[in-house]
Amino acid sequence: MINTDLLPADKDPMGAAIADYFRHHKADRLRVLSSLFDEDEIPVRELFRTKRQMPLLERTALERATGKILDVGAGSGCHSLALQEAGKEVHAIDISPLSVETMKLRGVRNVTQTNLFNEQFADSYDTILMLMNGSGIIGKLEHLPHFFRRMKLLLRPGGRILMDSSDLRYLFEEEDGSIVIDLAGNYYGEVDFRMQYKDIKGDSFDWLYIDFQTLSLYAAENGFKAELIKEGSHYDYLASLSIQASPQSS
Ligand code: SAH
């Protein structure tokens, strides 16, 4: 089942890091643990990137975002602020209480603490933005049908999702270029993460990295059309997903 909850403040390490950085202009290490990768950290400063500091895929998404925009998992509000500055209409949502509070303090005008998958949350948008490996929020491949159903409810006619993701195949590449993937196992882009900031430990959560071909297949099966807008420099890409016009009956 897909998670539809909010985060309580005592299980919100990323939000705590964001709130700290906003207040003190510095933060401790935001640690990221997972069973697939070595322990890593997210530089908290990068969560506050300005438009000029954003990777090209993100800047492209911001430029292509039109009409009423939903910024899903908006974090510190970096994309929402850039969109507001460009005179665009944006609604930021996040499950993190501390991120939502910080976004308000930073001047994001329209912010709601809600889970994308909570059915009480109902509105409609021309563009749904999911950035910084935005597919992650979907969690697992098996949640994609649920995700696309939800998107149909939230998208206006002619609207679309702009999402970035990465193909994790490079983790499984041998020196000779061949790829060793256990086909009997889970899809190779399904990762579990846990974050920690100071003594605040978050619960473990599922995070989906998806290659463009697999995304396109699931999209087509669920009434969406996937388009590759731009590829990044390291197996990452920006995709657009729009509702497939149903064939006209004659
Ligand atoms: N988009 C921001 C933050 C990315 S981190 C950026 O690019 O900097 C992912 C964010 O998504 C976190 O702030 C997390 O709290 C939020 N999130 C995770 N699952 C969510 C869900 N189901 N609904 C809404 N927000 C979610």
Side-chain angles (χ1 to χ4, degrees), residues 1-22 27 30 32 34 40-51 53-62 65 69-83 90-104 106 108 111-123 125 127-140 143-144 146-147 150-151 154 161-166 191-195 197 200 202-209 232 236 238:
M1 267 294 283
I2 212 156
N3 186 325
T4 59
D5 298 339
L6 298 175
L7 285 178
D10 62 347
K11 294 262 170 122
D12 183 14
M14 185 188 257
I18 285 175
D20 246 11
Y21 190 87
F22 175 67
L30 177 57
V32 182
S34 98
D40 200 357
E41 56 185 275
I42 298 180
V44 182
R45 178 178 16 94
E46 287 180 14
L47 297 173
F48 285 77
R49 59 204 180 281
T50 60
K51 187 167 181 206
Q53 295 165 331
M54 287 173 192
L56 181 60
L57 293 184
E58 293 185 4
R59 279 183 279 136
T60 305
L62 294 182
I69 303 161
L70 179 68
D71 183 2
V72 177
S76 81
C78 55
H79 299 112
S80 288
L81 287 170
L83 290 165
V90 58
H91 182 193
I93 62 166
D94 207 291
I95 53 173
S96 151
L98 296 166
S99 293
V100 164
E101 193 183 297
T102 306
M103 280 195 265
K104 288 182 181 160
R106 293 186 79 205
V108 180
V111 190
T112 309
Q113 191 197 3
T114 180
N115 188 309
L116 176 68
F117 299 106
N118 180 341
E119 279 164 24
Q120 309 292 310
F121 169 61
D123 205 337
Y125 301 90
T127 306
I128 299 183
L129 272 189
M130 300 178 71
L131 296 179
M132 193 170 157
N133 197 66
S135 63
I137 287 179
I138 301 161
K140 284 185 173 289
H143 295 156
L144 278 162
H146 182 133
F147 167 74
R150 194 72 197 117
M151 291 296 108
L154 293 173
I161 307 159
L162 294 173
M163 175 198 279
D164 63 354
S165 195
S166 297
V191 182
D192 61 286
F193 281 122
R194 205 154 47 77
M195 292 202 264
Y197 182 72
I200 304 167
D203 289 333
S204 150
F205 57 92
D206 297 323
W207 197 251
L208 177 68
Y209 294 85
D236 51 336
L238 175 69

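Start at 1 and go down the list; that is how both ligands and their atoms are numbered.
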ask   = Are the side chains of Phe205 and Asn3 in touch, meaning some heavy atoms are under 4.5 Å apart?
value =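 They are not in side-chain contact.
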
query = Would you say the side chain of Leu62 lies within less than 4.5 Å of the side chain of Leu83, judging by non-hydrogen atoms?
reply =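 Yes - at least one pair of side-chain heavy atoms lies under 4.5 Å apart.
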
Quick check on ligand 1: any N or O pairs to the protein under 3.5 Å? One line per pair.
from     : atom 1 : to     : atom 2 : distance (Å)
ligand 1 : 1 (N)  : Gly73  : O      : 2.8
ligand 1 : 7 (O)  : Arg49  : NH2    : 2.7
ligand 1 : 8 (O)  : Arg49  : NH1    : 3.1
ligand 1 : 8 (O)  : Arg49  : NH2    : 3.4
ligand 1 : 13 (O) : Asp94  : OD1    : 3.3
ligand 1 : 13 (O) : Asp94  : OD2    : 2.7
ligand 1 : 15 (O) : Asp94  : OD1    : 2.6
ligand 1 : 22 (N) : Asn115 : OD1    : 2.9
ligand 1 : 23 (N) : Leu116 : N      : 3.0

ask   = Rounded to the nearest 0.5 Å, how far does CE of Met130 lie from CZ of Phe147?
value =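 Result: 4.5 Å between the selected atoms.
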
inquiry  = Listing request: all side chain to side chain donor-acceptor pair (under 3.5 Å) pairs with a residue in residues 113-122, at least two apart in sequence or in separate chains.
reply    =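 Pairs touching residues 113-122 that pass the test: none.
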
message = If the condition is side chain to side chain donor-acceptor pair (under 3.5 Å), which residues does Ser99 pass it with, not counting sequence neighbours?
response =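 By the side chain to side chain donor-acceptor pair (under 3.5 Å) rule, Ser99 matches Ser96.
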
task = Name all residues meeting the ring-ring contact (aromatic ring centres under 6.0 Å, His included) criterion together with Tyr21; count only those two or more places apart in sequence or in a different chain, and write none if there are none.
result =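 Testing Tyr21 for ring-ring contact (aromatic ring centres under 6.0 Å, His included), a comparison that skips the adjacent residues, returns Phe48.
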
